[in-house]
Each structure stands twice: as structure tokens, then as C-alpha cells.
Amino acid sequence: MSRIQVSRLPDERVRLVEDGTEHVMDLTDLPAYVAERESAGAPRWVWDDTARWYPLLLAADVRVERCHDLRLCHRLLRRAPAVDERLLEGEESWLWDRLRAAEPTDPMLFSADDASEHLRADIEDARQVATIEASPESARLELLVAAESAGALAAAEMTHAGVPWRVDVHEALLTELLGPRPPRGARPRLLEELADDVRRLLETPGLNPDSRPHLLAALRRAGIEVPDTRRSTLRAVDHPVVEPLVRYKQLAHLFSTNGWAWIDQWVSGGRFRPVYQPAGSATGRWSSNGGGALSFPVQVRSAAVADDDWVLVVADVAQLEPRVLAGMSGDRALARAARGADLYQGMVDDGAVATRQDAKLGLLGAMYGATSGESGRMVAGLTRRYPAAFGLVEEAARAGERGQVVRTLLGRGCPALGGGSWDESPDAPPADLDDQDRHRRAYGRFTRNFVVQGTGAEWASCWIADLRNRLWRLGADGPLDARPHLVFFLHDEVVVHCPAALADAVAAEVTAAASAAGALLFRELAVDFPLNVSVVRSYADAGKPGAPASADV
DNA sequence: AGCTGTCGCGCC
DNA sequence: AGGGCGCGACAGCT
């Protein structure tokens, strides 16, 4: 398969390099060219940043099947322990180190003094290909960069498509809970009334309940001694102000994070368009720098409603990370418990623990590094039962405490201790030995979780990479605007918007893609990745049978 | 007026 | 002292 390296030239020109042969065209001619090449057999487009180039193509209804995202992969390879870093050095290499993600609002914009504007994609691509080839883990790294790049395509496609959003439903919800939209700077009526209740009950007329110091002082005057104003702290207090205050905080949060201003900013043309940053977090999980896509609150999901005659297929993986741990550690006992829809119940049936809750506490405790309490106690017992799985996270923690880096299954390396982006404490080595010890332990908890969370992110990348292709093929017979498409992704959950008639087929593909991802990553050991799939008109109706209400990781 | 740090909240 | 995030508001600073 051919690779075509795409670089910018001054004056809205583009340089394309294919097998060393150079070809220059105007930026405006690029979409038509890409469309033609795609229909002739999908080359791999190699560019500095998918978020820079792809929106331009999508706007022209051009879809790309595969790409290689040089910025993402450069960062990945820089940190991959199985890579000889020196192979990445060379012309413009330092600029790739510094390259920031494209600006969502204006992806083609570079700051005037930025030498990154005209980076040579062909030169960097050659280095990356050679670097991967020379690695003893080249097969895994190849899979990782392909999955990561495909994820970047999916991210741009999801932002382009957007989650179907009924502003009228959302506004009706806000009006019901908060009252009519207030003028700028004012509180909605029902919120203001709750604030009055709080003021009256605390006998503090001028109180601003949004101010923690004021609120703490007023609580203290009323004889309520609390260390903070957290909801859980307040709930434990027996005083008439607690109920309206907690209610106030809840509604104030809704108002400020998903209120009318949020609609104005993030919903356009009946679509909610969050901006994703693939691998935006250190573990490889995606982050989001717009719209709060990572905290898509349950409260407003009722506004996510499929178009007429369309549905949303909502799917999430039950206990993704424990299953990933079973797969990557090759723990046959845990993999056996993972057969079926509920891994924790599987552990109970296995006789390893008495209750589902114990199983969950023990597993999460092992993955997060719990040292005390119920969770810490469960870990000890489960280690005997599932030595490979629990040993893997334990070893990752010990490596971190020794100051060593760890890696995911496919070879992503974690940030080094004191290396900057971990625990943002720039060149401030802890002063005394106690501090140093705490710091190392904290790093050990980070590396412990990194291996599982990071490999979980790799599983998820493979899942959506495969799924987007399956969905594309599924809609191949129909018109372009009737194809099922991904509209949302969050760690272990996807939402597909599709014509109602295709719902069952989409559900089957989502499930098949999950199996394929598992087989791709854990070929030696079969691990099930069962999904909760719902076909719904509104996101709010997506149930999650088999999973408890609290956060399952 | 801007910036940065912290809290408290939401999601996984 | 259980991991990873983003965001809005406040507070205190320049």
C-alpha cells in the first residue's frame, strides 16, 4: 500500500510526496485529489496532524480510509521504551518534539513565528518508519500507530458529524429545573430561590453560596463545623440547611457547565460537537478540549435524540480494564471468570470471593493501588487466586517505585519520574526523604494503573478503528448521508447514529468489532469483551443491564 | 485585566 | 492519602 506524505507549502500550496516523487498543488485542489485516490484504492495519507487536514476534507465530503498521524506517532515513539530514540533524530526533529495539536477552530492556522508550519512530512515519516522497523517490538508498535492514527480519523469524523442534539428538549429541561433563562450574569429564578433559602436558614442575608470561604464562615456561625463544602461532607450534617444547599450546588453546577451558555457554545445545527484529543492523556486515553465530552452528564443526555427515522446504538464494555488485565497478564483463571457478561460475578462463581462487591473492591484496589481498608484487604486474598493478573500490576507498581518506566501491551511508555508531564512538579525534587518516598509511591500507583488503563485505551482504539470501517462498509449500498456513523466515544463506550432499519446490523458490527479488538490484542488467550448494547431514540434511554449504577471501570 | 492554583464537580 | 481526565468558579497574585 502506498504512502503519500502531505506537507504545507507557503501561499496555500501543498506538497505531496509518493515514493519519493514530489507533486505540488493548491490547497483548494486537495479534496478532489484525495477523493480520486481514495476511490482508486485507499493509500495511507501521512500528515503532521489529522486534526489539521481532515476537517478540510470532511467539509468537502471526502472520507479517508487510513492515515498516519506524525505528531501523535512522534510523541508515542519518543516515549516508547522499545525504540532507539536516536533514530528519530535528524532534520526538523526538534520541531516535531514541540509541535502542538492543531487549533480546533482554525486548524490551518500557525502562529506567525512558528517554524512548524512547513514541516517536511516525508522526512519525518521516513524516520518513523525506520524507527519502528528497527524495534524488537515492531509488530506491536505498528499496530499501535495504525490504531492511534485511525482513532484520530474517527475523532475528526465524530466532531464533523456531531451528536444529534435537541436544543428544545435541553432548554425545556433547564427551564423546568432552573426557571427561564436569566439575563447574562444573573442566576435563574429557581436557583436564586434556593440561595435565599440557604441565606435564611443560615441567617446570613448577603451570602454568596458560590464562595467557599463565605459559605464556610456562614456554616460555622450556624454551628456547623465542616472542613470543606463538598456534597458528601454536607450530607453527613444534620441541619435544615443541608437539603437546600446540596440542591443549590447541584443545580448551580448544571447551570454553569451544561446550561444555556454551553448550548450557545457547543451546539450548532442541531449537533453537539465536542473536540477530541486522541491520546491526549499520558495513558493514551483520549481527552477533550471542548464541550466537556469527558463528563457528558446523565442530566442532559435526554437531549441527545436521533434524527427522525434514525436511532442511536449505544454500546459500552462491561468491566473493560479487568478484562484487559486478564488478557495482558495471560491469567487463565481471571480470563475464565471473564466469560460472560459480569466478570465480578464470574469471580464469585469461581469461588474466589464471597460477593460481587468484594470482587470489585479487590480488583479496583489492585489496579489503583489501594493499601488500606476493605479494598486493601481483598487484594491480598485475590492475589493468591489470580497470581498472574495481580502480579502484573504489582510488578508495575514496584518498577515505578524503583523509578523505572513501564509500558503498555503495545509498547506505549509512561512519562518518566520527574520527567515533566507526570505529576506536574517541574524540576522541584522533593526536599526531604519522606517527601521523596511519598513521591515514589505516588509514581508507583501511577505506573500500576498506567499499564492497565493504557492497554485499555489500546483495546478501545482497536475497537473503534475496526468499527468505523465496518460501519462504512455497512452503508456502502446506500447514499452517503444514510450511512451509520460514530458520533461519540468515551473510554469504553460508543454511540452510533444510524437509520432505524440498520440498527440490528449496527449492533452486530459493534459487537463483532469488540471481539476482533480482543483477538487482535490478546491472541494467546481468549478473553471475552461483552457489550451492553441499547438501541434507543434518546441517549437517556440507554440502559446498562448487568452493570451497577456506580462507576465500573 | 490577566494569570495561576485550588476546589468541587462531572465522567470513565 | 486509589488511577486518569476537563471545566467553571473563586481567590490571590502580578
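Just so it is clear: chains get the letters A, B, ... in the order the sequence lines come, proteins before strands, and each one is counted from 1.
Within 4.0 Å of Ser375(A), counting heavy atoms only, lies at least one base atom of the nucleic acid. Heavy atoms of Val452(A) sit nowhere under 4.0 angstrom from any nucleic acid atom.
When rounded to the nearest whole Å, the span between CZ of Arg412(A) and P of dG3(C) equals 20 Å. Atom OH of Tyr443(A) is separated from atom C1' of dG2(C) by 18 Å (rounded to the nearest Å). The separation between Phe489(A) atom CZ and dC5(C) atom P is 15 Å, rounded to whole Å. Rounded to whole angstrom, the span from the CE atom of Met367(A) across to the C1' atom of dG4(C) amounts to 12 Å. Spacing between atom CG of Asn449(A) and atom P of dC5(C) amounts to 10 Å, rounded to whole angstrom units. Atom NE2 of His491(A) and atom P of dG4(C) are 13 Å apart (whole Å). Remark: P of dG2(C) and CD of Glu374(A) are 14 Å apart, rounded to the nearest angstrom. Here dC12(B) presents its C1' atom at 5 Å from CZ of Arg285(A), a figure rounded to the nearest Å.
For the pair Lys249(A) and Glu243(A), the salt-bridge criterion is not met [side-chain N within less than 4.0 Å of a carboxylate O]. In summary, Asp210(A) and Arg187(A) engage in a salt bridge, as defined by a charged side-chain N under 4.0 Å from a carboxylate O. Ion pair Asp197(A)/Arg247(A) not flagged as a salt bridge, since none of the NZ, NE, NH1 or NH2 atoms sits closer than 4.0 Å to an Asp/Glu carboxylate oxygen.
Within the 6.0 Å centre-distance limit, the rings of Trp262(A) and Trp165(A) are counted as a close aromatic pair. Aromatic pair Phe529(A)/Trp463(A): centroids not less than 6.0 angstrom apart. Ring to ring, Trp266(A) and Phe272(A) are not that close: their centroids are 6.0 angstrom or more apart.
Using cut-offs of 30° and 60° for the angle between ring planes, the Phe390(A) and Tyr386(A) rings count as parallel.
Contacts between residues 218-234 of chain A and DNA chain B, counted as heavy-atom distances below 4.0 Å, involve Asp228(A), Thr229(A), Arg230(A), Arg231(A). Looking at residues 242-268 of chain A, you'll see Lys249(A), His253(A) sit with a heavy atom under 4.0 Å from some atom of DNA chain B.
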Distance-only donor-acceptor pairs under 3.5 Å for side chains of residues 374-381 of chain A, two or more places apart:
| residue | atom | partner | partner atom | Å |
| --- | --- | --- | --- | --- |
| Ser375(A) | OG | Leu361(A) | O | 2.8 |

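Residue Thr371(A) places at least one side-chain N or O under 4.0 Å from the OP1 or OP2 atom of dA1(C).
For Ala370(A), counting side-chain heavy atoms from C-beta on, the closest listed nucleotide (dG4(C), dG2(C), dC12(B)) is dG2(C). Closest to the side chain of Ser287(A), from the set dC12(B), dG6(C), dA1(C), is dG6(C). Relative to the side chain of Arg301(A), the nucleotides dA9(C), dC12(B), dG4(C) differ in distance, and dC12(B) lies closest.
Listed by chain and number, the residues in a salt bridge (charged side-chain N to carboxylate O under 4.0 Å, His left out) with Glu171(A) amount to none (sequence neighbours excluded). Listed by chain and number, the residues in a side chain to side chain contact (heavy atoms under 4.5 Å, CB included) with Ala102(A) are Asp49(A), Ala51(A), Arg52(A), Pro107(A) (sequence neighbours excluded).
Stacking here means ring centres nearer than 5.5 Å and ring planes tilted less than 30 degrees, and by that measure Tyr368(A) does not stack onto dG2(C).
Both the sub-6.0 Å distance and the 45° axial angle are satisfied by Arg301(A) relative to the ring of Tyr539(A).
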Please list each protein N or O that sits under 3.5 Å from an N or O in nucleotides 11-14 of chain C, with the distance.
| residue | atom | partner | partner atom | Å |
| --- | --- | --- | --- | --- |
| dA11(C) | OP1 | Ser211(A) | OG | 2.4 |

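Asp69(A) and Ser149(A) share no side-chain donor-acceptor pair at under 3.5 Å.
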